[in-house]
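Only a predicted model underlies this, so the values are computations on that prediction, with no experimental measurement involved. Any value given below was found using the heavy atoms of this structure, including those in side chains, with hydrogens, waters and symmetry copies removed. Convention: sequence-line order gives letters A, B, ...; per-chain numbering from 1.
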Protein chains: 2
Amino acid sequence: MSNLSNTYDEILNSAEKLIVSGGYNGFSYADIAAVVGIRKASIHHHFPSKADLARALVARYRANAVTGLAEVESKFSDPLELLKTYAGFWAQCIGDASRPFCVCALLASELPALPPEVAVEVRAYFQHLSGWLTSVIERGDQQGALVISCPARVEAEAFMATVHGAMLSARAYGTPAVFELILEPSLQRLRPR
Amino acid sequence: MSNLSNTYDEILNSAEKLIVSGGYNGFSYADIAAVVGIRKASIHHHFPSKADLARALVARYRANAVTGLAEVESKFSDPLELLKTYAGFWAQCIGDASRPFCVCALLASELPALPPEVAVEVRAYFQHLSGWLTSVIERGDQQGALVISCPARVEAEAFMATVHGAMLSARAYGTPAVFELILEPSLQRLRPR
DNA sequence: CAAAAACTACCAACTAGTAGGTAAGGAACC
DNA sequence: GGTTCCTTACCTACTAGTTGGTAGTTTTTG
C-alpha cells in the first residue's frame, strides 16, 4: 500500500527537481524543507546524509529507467520504433519542460566531485542504458530492421552520447526544438531503405 | 606585457580546474586561495564577486576557443582534417587528463542555476562552436570533401552534441578511450568514398 | 609618491548534521 | 479495557564549519 504523497517520496521528488536544475551542490536540505513543508531536521530522519539522499534518488531514477525501457520494449517490437520512442520520450520531457534534463547525465558531468556511492549509481545507469541500446541495435541489425555502420555496441554508445549532447545543446540554447533537430538524422541513418 | 604567472591568471587557472571537476557550485574562494597561495580577500580584489570570476573565466575560455579554432583552420584546409583535429584535441585532453571536460559543456548542464552574465557567455561559446562547425561542414560539402546527409547546420549541431555526449560518457565510465570510440564513426560517416 | 596588490580581521547567511523532545499509532500483555 | 512499550515522524534548538563578501591596513612595485 504505497502512499502516493508520503514525505519520503516528496523529498525525493523535490530533490530531483532541484538537482536537475543545479546539480549535486545546487540544492540544500533547507531548499527541500521549504518545498515539502517540513523542517530540515525531518529530512535527516528519512535520509541521514546528503549522500544517502542522492544515492536513493539516483537508485530510484535508475529503477524507473529499467522498468520504463522494459515497458517500451513490451509495447513495440520494431527496433527503430524502440529508439524513436526513447528519443521521443526525452523530446517531450524537454519540450514541455516537465523534466528538462536527465538526472544521471547532469550528475555524470560533475562525477569527480560526487560521493562515491552516488557515482556508482550514475555509472550503473549509463551501463544499463547503453546495454539496452546495444541489444536493441544488435537485434535490429540481425533482423535487417536497422542499418548499422559499425559494431552495435559502438552504435549504441554513439546514440546515447548524441541524446545527452542534444540535451545539453537544448539547454544551452534555451530552445527545446534543437533536441529533435539533432536526433532526427541519427534515427534517419539507422532506417533501412 | 602580460606576465605569464600573474595572480589574476593563476586564479582563473585554478578556478577552471575546480569548475571542470565540480561545476559552478563545486568551488569556493577558499579553495582557490589555498591553491594559488593567497588569502580569500585578495581574490575579491581581482574579482569582486563569484559571478564576475566565472564570467571572466568563461570569456577567456571562449576567446581561447575562438583563436584556437582559427589557428587550426590556418594549419589545415581539408574540412575533414579540421573536424578530426578538433575531435583529436579533446581526445588528447581527456586521454592525458590534462583537461578532462569542457568548461562550457559542464556549465551548460547547470545553466538554469547560473548567474545570467555567466549563462550568456556559455551560450555564446555554443553558438560560436556550432557556427564554426557549420562553416567547415558547409565548405566541405560544396568542395565534395565531405559527405553530408542533412543540412550543414544540423550536421554541425549533431557533431557538437556527439562530442559533448562522448565527453560525458568517458567521464561516467571512467574510460577515456570511449570518447574516441564514439567519435570515430561520426568522422567516418563524413568521409567521401 | 601613488597605485596596485596583498594582508588581517571581520560579518551575516548558509551548510550539513546532531541532540533531545513530543505526539500519534499500533501491538503485546495482563 | 487499560497499560506498557516500541516505532514512526516530526519538531525546536543547536553545533561547527563554510559561504561569498566587506572594511580598513600594510606591503610591494613601477
[X] [atom1] - [N] [atom2] separation (whole Å):
{"X": "A:His46", "N": "D:dT7", "atom1": "NE2", "atom2": "C1'", "value": "13 Å"}
{"X": "A:Ile43", "N": "C:dT15", "atom1": "CD1", "atom2": "P", "value": "11 Å"}
{"X": "A:Asp52", "N": "C:dA16", "atom1": "CG", "atom2": "P", "value": "13 Å"}
{"X": "A:Glu10", "N": "D:dA9", "atom1": "CD", "atom2": "P", "value": "13 Å"}
{"X": "B:Leu53", "N": "D:dG21", "atom1": "CG", "atom2": "C1'", "value": "13 Å"}

Return no unless some side-chain N or O of [X] is found under 4.0 Å from OP1 or OP2 of [N].
{"X": "A:His45", "N": "D:dA9", "answer": "yes"}
{"X": "A:Ser28", "N": "C:dT15", "answer": "yes"}
{"X": "A:Thr7", "N": "D:dA9", "answer": "no"}

(message) From C-beta outward on B:Ser42, which listed nucleotide comes closest to its side chain: D:dG21, C:dA16, C:dC7?
(response) C:dC7
(request) Would you indicate which nucleotide in C:dA5, C:dA16, D:dG21 comes nearest to any side-chain atom of B:His44? (result) D:dG21
(request) Scan residues 29-41 of chain A against DNA chain D and write down, sorted by residue number, each residue with any heavy atom closer than 4.0 Å; if none is found, say none. (result) A:Ile38, A:Arg39, A:Ala41
(message) Can you confirm whether A:Gln92 is buried at CD, in the sense that more than 12 heavy atoms of other residues, nucleotides or ligands lie under 6.0 Å from that atom?
(response) no
(message) Regarding A:Phe47, tell me which of base, sugar-phosphate or nothing describes its non-hydrogen contacts under 4.0 Å with the strands shown.
(response) nothing
(message) Assigning hydrophobic clusters by single linkage (Ile, Leu, Val, Met, Phe, Trp, Tyr; side-chain heavy-atom cutoff under 4.5 Å), is A:Tyr29 placed with A:Tyr8?
(response) yes
(request) Spell out, yes or no, whether B:Ile11 and B:Val35 are grouped together once hydrophobic residues are joined by side-chain heavy atoms under 4.5 Å, including indirect joins. (result) no
(message) Less than 4.0 angstrom from a charged side-chain N to a carboxylate O is my criterion; do B:Glu110 and A:Arg171 meet it?
(response) no
(message) Using the ring centroid of each side chain, check whether B:Phe126 and B:His164 are separated by less than 6.0 Å.
(response) yes
(request) Determine, step by step, whether B:Arg139 and B:Gln142 satisfy the side-chain hydrogen bond (donor to acceptor under 3.5 Å, both in side chains) criterion, reporting the C-alpha distance in whole Å, the side-chain angles of both residues, the deciding distance to 0.1 Å, and the verdict. (result) CA-CA 5 Å; B:Arg139 186 157 54 83; B:Gln142 285 162 3; over 6 Å; no
(message) Would you say A:Tyr173 and B:Glu157 are linked by a side-chain donor-acceptor pair, where the criterion is simply a distance under 3.5 Å?
(response) yes
